[in-house]
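I have placed the structure first, in the form of structure tokens, so that the comments after it can refer back to it.
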Amino acid sequence: VHRCFFRGQSVSLEKLLSIFASEVCEQVVFIGENHEHSVAQQLELRILEALWLSSQRQNRQLLLSLEFLDRSQQHVLNEAMLRDEIESVVPEPYVPLVRFARTNNLAVLAANAPRSITSRVAKQGQQAVMETLSPKERAWCAPTPWPAPSNAYSEAFQAIMQQVMRPDPSSAQAQQERMQRM
């Protein structure tokens with residue numbers, strides 16, 4: 001099951017692919033998916049192919065950004081791509097995406113802040129953690145101060161997290177506070 005949106009409007013997958021292959025002019029395309037749903041990765045590959053076609057027609061640069069790899073792994077990812085050892089770094093369902101990028105000379109960005117930092121922020125809060133980071137570690141994170149999310153985003157995020165987090169009735173307050181920090 002999938003839902004596709006373009007500029008806030010629901011569209012079919014075929015329509016989305018057609019738009020991306022011919023007329024897309026967006027600078028960033030976000031794809032939200034379940035990491036363990038193989039159909040999602042197949043759809044992502046089709047979308048990447050369509051975006052690549054469009055970028056070729058419009059003589060625009062395209063890159064693939066992967067949020068499940070953190071920025072501290074960029075050099076490892078680059079080496080794996082050079083040596084064609086993608087499977088050594090990239091989880092199996094995403095290998096076709098990265099192979100497509102390698103074949104078509106697309107840069108691949110390890111985009112997430114390191115888990116060691118994000119988990120500390122979730123537990124201690126942004127300010128407490130960011131003040132303790134070295135300049136190298138800060139470079140792996142988004143520039144501060146981070147803007148507060150919109151109410152709509154916060155509500156959607158909390159609804160999703162309540163579905164996926166195991167409820168802990170003994171610490172509902174602590175769980176709510178952690179979600180706020182996240």
Side-chain angles (χ1 to χ4, degrees), residues 1-118 136-143 146-147 149-150 152-153 156-157 159-161 163-164 182:
V1 174
H2 63 273
R3 293 182 299 168
C4 301
F5 297 89
F6 182 72
R7 296 182 179 158
Q9 301 297 312
S10 181
V11 295
S12 69
L13 174 62
E14 292 72 26
K15 175 68 175 169
L16 185 67
L17 293 173
S18 172
I19 292 168
F20 283 164
S22 62
E23 63 186 74
V24 71
C25 59
E26 269 57 30
Q27 294 205 6
V28 177
V29 174
F30 289 99
I31 301 173
E33 48 95 33
N34 180 329
H35 293 305
E36 297 172 11
H37 194 271
S38 63
V39 173
Q41 287 83 32
Q42 293 168 16
L43 292 173
E44 289 168 347
L45 180 57
R46 291 181 64 195
I47 291 168
L48 181 61
E49 291 167 346
L51 289 168
W52 181 80
L53 285 173
S54 178
S55 72
Q56 295 301 293
R57 285 190 192 109
Q58 297 175 22
N59 197 27
R60 292 180 63 181
Q61 189 174 9
L62 178 68
L63 72 83
L64 175 62
S65 177
L66 305 173
E67 61 81 28
F68 58 83
L69 291 176
D70 74 59
R71 299 206 34 165
S72 67
Q73 297 173 295
Q74 186 68 55
H75 69 284
V76 175
L77 175 61
N78 293 347
E79 287 295 317
M81 289 184 64
L82 280 173
R83 293 189 172 115
D84 196 15
E85 298 171 354
I86 294 166
E87 294 84 352
S88 68
V89 177
V90 176
E92 191 278 320
Y94 298 94
V95 168
L97 283 166
V98 179
R99 281 217 173 283
F100 180 87
R102 182 181 188 274
T103 299
N104 293 286
N105 297 313
L106 301 180
V108 181
L109 177 67
N112 211 354
R115 225 175 237 126
S116 61
I117 296 172
T118 59
K136 182 178 180 180
E137 291 171 316
R138 280 182 159 268
W140 291 334
C141 301
W146 301 330
S150 68
Y153 180 87
F157 176 79
I160 290 168
M161 293 307 289
Q163 291 175 2
V164 298
M182 290 170 70

Taking atom types as modelled, is there a side-chain donor on Glu14 or Ser18 under 3.5 Å from an acceptor on the other?
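Their side chains do not contain a donor-acceptor pair, so the 3.5 Å distance test is not met.
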Do [X] and [Y] come close enough that some side-chain heavy atom pair is under 4.5 Å?
X     : Y     : value
Pro91 : Phe68 : yes
Phe6  : Lys15 : no
Leu77 : Leu69 : yes
Val98 : Val95 : no

What distance separates [X] [atom1] from [Y] [atom2], expressed to the nearest 0.5 Å?
X      : Y      : atom1 : atom2 : value
Ser65  : Asn112 : OG    : CG    : 9.0 Å
Arg46  : Leu51  : CZ    : CG    : 12.5 Å
Ser116 : Trp140 : OG    : CH2   : 7.5 Å
Leu109 : Leu64  : CG    : CG    : 8.5 Å
Asp70  : Glu67  : CG    : CD    : 11.0 Å
Phe20  : Ser54  : CZ    : OG    : 9.5 Å

Mind telling me whether Phe100 and Trp52 have parallel, tilted or perpendicular rings, with 30° and 60° as the class edges?
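Geometry flag for Phe100 against Trp52: perpendicular rings.
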Between Glu87 and Arg99, is there a side-chain N and carboxylate O pair less than 4.0 Å apart?
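Here Glu87 pairs with Arg99 in a salt bridge, since their nearest N and O are under 4.0 Å apart.
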If you compare all heavy atoms of [X] against all heavy atoms of [Y], which two are closest, and at what distance to 0.1 Å?
X      : Y      : answer
Ala50  : Leu17  : CB-O, 3.7 Å
Val108 : Ala101 : CG2-CB, 3.5 Å
Ser88  : Ala80  : OG-CB, 4.0 Å

Heavy-atom donor-acceptor pair, Arg71 side chain to Ala111 backbone, under 3.5 Å
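Not a single qualifying donor-acceptor pair exists.
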Looking at Pro114, is its backbone amide N or carbonyl O close enough to the side chain of Gln73 to form a donor-acceptor pair, meaning the two atoms are under 3.5 Å apart?
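Pair absent, no side-chain N/O of Gln73 close to backbone of Pro114.
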